[in-house]
Amino acid sequence: MGTLHQEVEQNREDVSHLTMSADAHRRRHVLDWLCPYDYLTQFENHSARHLRGTGQWFLEDSTFLSWVQADQSSTLICPGGPGCGKTTISALVIDHLRNTSSSQKPVIYFFFDYQRRKEQTADAFVATLLRQLASLSQEVFNAVEKLHNRSILQSRPSLEILQSVLRSAFQTVTGCFI
C-alpha cells in the first residue's frame, strides 16, 4: 500500500512539473511575441564591465538620493557625450535599485545604442518596457496575453495600442523606476 501511495504522489509531482513547464513555455511565447529584444543580457553585459567602486559617488549624490526617494513622478537627467560612462552609470543605478531593500518598486530599463538605431524604434522601446512589466506582474501579463490572443494572426500591435497597454500597466503597478 505504501508504494501505491508513493507512486500517486510521484505522478502528482510529475503532472505539477509538466503544468508549470507548459505555463512557463506559454509565458515565454507571449513575451517573445511582444518583444524578442533581450534586454536582460544587454544589462548583464554592461554590468559585467563595471568595476567595483566605480560610480559610487553617483549613488551617494544628494540629487540621486532625492530622486530615488521622491513620492511623485520625477525625472533624473544625466547628459553626456559618447563614451563618458552614461551606460555604465545606468547599469550601476539599475543594479542598485533592484538590490536595495528600501526600494520595492519595479525597475525597468532600455539601453539606447546609436549603432542599433534602426531596430530601436519607438515600438521596440515601448514593447521592451511592457515586456519587463509583464514579466514582473501577473495582472500586466494577463493584459498582454489578452492582446496576444486577439492579435494572433498579426505581428506585434501598433505603437498606439502598445502605449495604451503600457499606460494601463503603469496604473496597476505601484510605482516604477524607468
Side-chain angles (χ1 to χ4, degrees), residues 15-50 55 73 75-100 103-178:
V15 168
S16 176
H17 177 71
L18 288 173
T19 301
M20 289 188 326
S21 179
D23 287 346
H25 179 72
R26 179 183 53 80
R27 285 183 70 83
R28 179 77 179 193
H29 173 75
V30 170
L31 294 175
D32 284 347
W33 165 82
L34 177 65
C35 174
Y37 186 70
D38 190 2
Y39 56 88
L40 183 59
T41 299
Q42 190 177 23
F43 166 72
E44 289 170 349
N45 289 340
H46 291 304
S47 291
R49 292 185 209 141
H50 174 259
S73 178
T75 303
L76 179 63
I77 298 176
C78 304
C84 72
K86 297 180 304 295
T87 299
T88 300
I89 293 293
S90 295
L92 175 69
V93 167
I94 292 164
D95 191 49
H96 174 77
L97 293 172
R98 291 167 84 195
N99 294 315
T100 301
S103 169
Q104 300 302 314
K105 298 177 186 177
V107 179
I108 59 176
Y109 50 88
F110 186 91
F111 290 98
F112 290 96
D113 182 345
Y114 72 93
Q115 294 175 337
R116 299 176 63 206
R117 61 183 168 257
K118 287 189 191 247
E119 65 190 79
Q120 291 188 328
T121 62
D123 297 42
F125 171 68
V126 174
T128 299
L129 297 181
L130 185 56
R131 178 185 173 133
Q132 290 175 70
L133 280 179
S135 69
L136 297 171
S137 163
Q138 185 62 43
E139 189 173 349
V140 175
F141 176 79
N142 292 344
V144 168
E145 185 176 39
K146 183 186 273 186
L147 183 62
H148 171 265
N149 293 342
R150 285 195 319 246
S151 306
I152 201 75
L153 299 176
Q154 302 174 16
S155 58
R156 191 166 61 206
S158 70
L159 177 59
E160 292 76 24
I161 292 172
L162 289 171
Q163 287 173 318
S164 174
V165 175
L166 184 61
R167 272 192 293 277
S168 295
F170 283 136
Q171 293 175 354
T172 65
V173 175
T174 306
C176 184
F177 284 110
I178 303 172

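- When the ring-ring contact (aromatic ring centres under 6.0 Å, His included) test is applied to F112, the partners found at least two apart in sequence or on another chain are F110, F125.
- Residues satisfying the side-chain contact (heavy atoms from CB on, under 4.5 Å) criterion with A134, sequence neighbours excluded, are L31, V140, F141, V144.
- Nearest heavy atom pair, residue L147 against residue P157, reads CD2-CG, 3.5 Å.
- Taking both residues in full, the closest heavy atoms of P106 and G175 are given as CD-O, 3.1 Å, listed atom of the first, atom of the second, then distance.
- Under the side chain to side chain donor-acceptor pair (under 3.5 Å) criterion, Q171 pairs with no residue, sequence neighbours left out.
- S158 pairs by the side-chain contact (heavy atoms from CB on, under 4.5 Å) definition with E160, I161, not counting sequence neighbours.
- Using modelled atom types, one side-chain atom of T128 and one backbone atom of A124 make a donor-acceptor pair closer than 3.5 Å.
- Counting only heavy atoms from C-beta outward, the side chains of Y109 and I178 never approach each other to under 4.5 Å.
- Residues satisfying the side-chain contact (heavy atoms from CB on, under 4.5 Å) criterion with T88, sequence neighbours excluded, are H50.
- With hydrogens and angles ignored, the 3.5 Å screen pairs no side-chain donor or acceptor of D95 with any backbone N or O of A91.
- For the pair G55 and I89, the tightest heavy-atom approach, listed with the atom from each and the gap, is CA-CD1, 3.8 Å.
- For D123, there are no side chain to side chain donor-acceptor pair (under 3.5 Å) partners at least two apart in sequence or on another chain.
- Taking the salt bridge (Lys or Arg N to Asp or Glu O under 4.0 Å) definition, one finds that R27 meets it with nothing, sequence neighbours left out.
- Annotation: the span from L136 atom CG to I108 atom CD1 amounts to 8.0 Å, rounded to 0.5 Å.
- Taking OG of S168 as the reference point, atom CD of Q163 lies at 12.0 Å (rounded to 0.5 Å).
- Under the salt bridge (Lys or Arg N to Asp or Glu O under 4.0 Å) criterion, the residue pairs touching residues 130-149 are R26-E145, D32-R131, with sequence neighbours excluded.
- A donor-acceptor pair is defined here as one N or O able to donate and one able to accept, closer than 3.5 Å; such a pair exists between the side chain of K86 and the backbone of G80.
- The two residues A169 and L133 have their closest heavy-atom pair at CB-CD1, 4.0 Å.
- Results of the side-chain contact (heavy atoms from CB on, under 4.5 Å) test with V165 over V126, L34, L130 single out L130 as the only residue that passes.
- For N142, the side chain to side chain donor-acceptor pair (under 3.5 Å) partners at least two apart in sequence or on another chain are Q138.
- Remark: R28 CZ to S135 OG distance equals 10.5 Å, nearest 0.5 Å.
- With rounding to the nearest 0.5 angstrom, the CG atom of L97 is 5.0 Å from the CZ atom of F177.
- Contacts of A143 classified as side-chain contact (heavy atoms from CB on, under 4.5 Å), with partners at least two apart in sequence or in another chain: none.
- With contacts defined as side-chain heavy-atom distances shorter than 4.5 Å, the pair S73/F170 does not qualify.
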